Amino acid sequence: MLSNRLTKLLGCDHPVMLAGMGGIADKELVAAVSKAGGFGTWGGASAVSNMDLDQIRQEVKEMAVACEGKPFGVDILIHGKDGGLLEPLIDAYAEGGARV
């Protein structure tokens, strides 16, 4: 384990962070990185285009289970011309268990 400001901030064991690449950083990859001691970040951009909020919430909950209590986060993009979807998305991610 290598402890530094990043690991302390994110609650992970190693200063390794998965980039939230939409369509590539899926829940399986997020879980693998988080369980290995890094910080997995879900790329939710494609999901936002293809899922409703309940489906997103369920996907994040499944990610939390797959991470087995290890921290993970979600890459947030602003959606809608005025960012109007941002608050409901943040709520869905937080309710699902995303830490950051």
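Bear in mind the structure is a predicted one, so any value in this text is a computation, not a measurement.
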[X] and [Y]: which non-hydrogen atoms are nearest, and at how many Å?
X     : Y     : answer
Cys12 : Gly37 : CB-O, 3.4 Å
Ala19 : Ala25 : O-CB, 3.6 Å
Phe72 : Cys67 : CD2-SG, 3.8 Å
Ala92 : Ile56 : CB-CG2, 4.4 Å

Just jot down the side-chain contact (heavy atoms from CB on, under 4.5 Å) partners of [X], sequence neighbours excluded, or say none.
X     : answer
Asp52 : Asp54, Gln55
Leu29 : Leu18, Asp26, Val33
Asp75 : Thr41

Any side-chain heavy-atom pair from Phe39 and Pro71 closer than 4.5 angstrom?
yes
Quick note, salt bridge (Lys or Arg N to Asp or Glu O under 4.0 Å) partners involving residues 38-51, not counting sequence neighbours, are none
Taking only residues at least two apart or on different chains, which pairs with a member in residues 30-43 satisfy salt bridge (Lys or Arg N to Asp or Glu O under 4.0 Å)?
Lys35-Glu68
Is there a continuous path of hydrophobic side-chain contacts, each under 4.5 Å between heavy atoms, that joins Val65 to Trp42?
no
Answer with yes or no whether the hydrophobic clustering places Val16 together with Met63; edges join I, L, V, M, F, W, Y residues whose side-chain heavy atoms lie under 4.5 Å apart.
no
Partner set under salt bridge (Lys or Arg N to Asp or Glu O under 4.0 Å) for Glu95, not counting sequence neighbours
Arg57
Under the salt bridge (Lys or Arg N to Asp or Glu O under 4.0 Å) test, which residues partner Lys27, sequence neighbours left out?
Glu59, Glu62
Name every donor-acceptor pair, under 3.5 Å, that has one atom in a side chain of residues 3-10 and the other anywhere in the protein, sequence neighbours excluded.
{"unit_1": "Asn4", "atom_1": "OD1", "unit_2": "Leu6", "atom_2": "N", "d": "2.9"}
{"unit_1": "Asn4", "atom_1": "OD1", "unit_2": "Thr7", "atom_2": "N", "d": "2.9"}
{"unit_1": "Thr7", "atom_1": "OG1", "unit_2": "Asn4", "atom_2": "N", "d": "2.8"}
{"unit_1": "Thr7", "atom_1": "OG1", "unit_2": "Asn4", "atom_2": "O", "d": "2.9"}

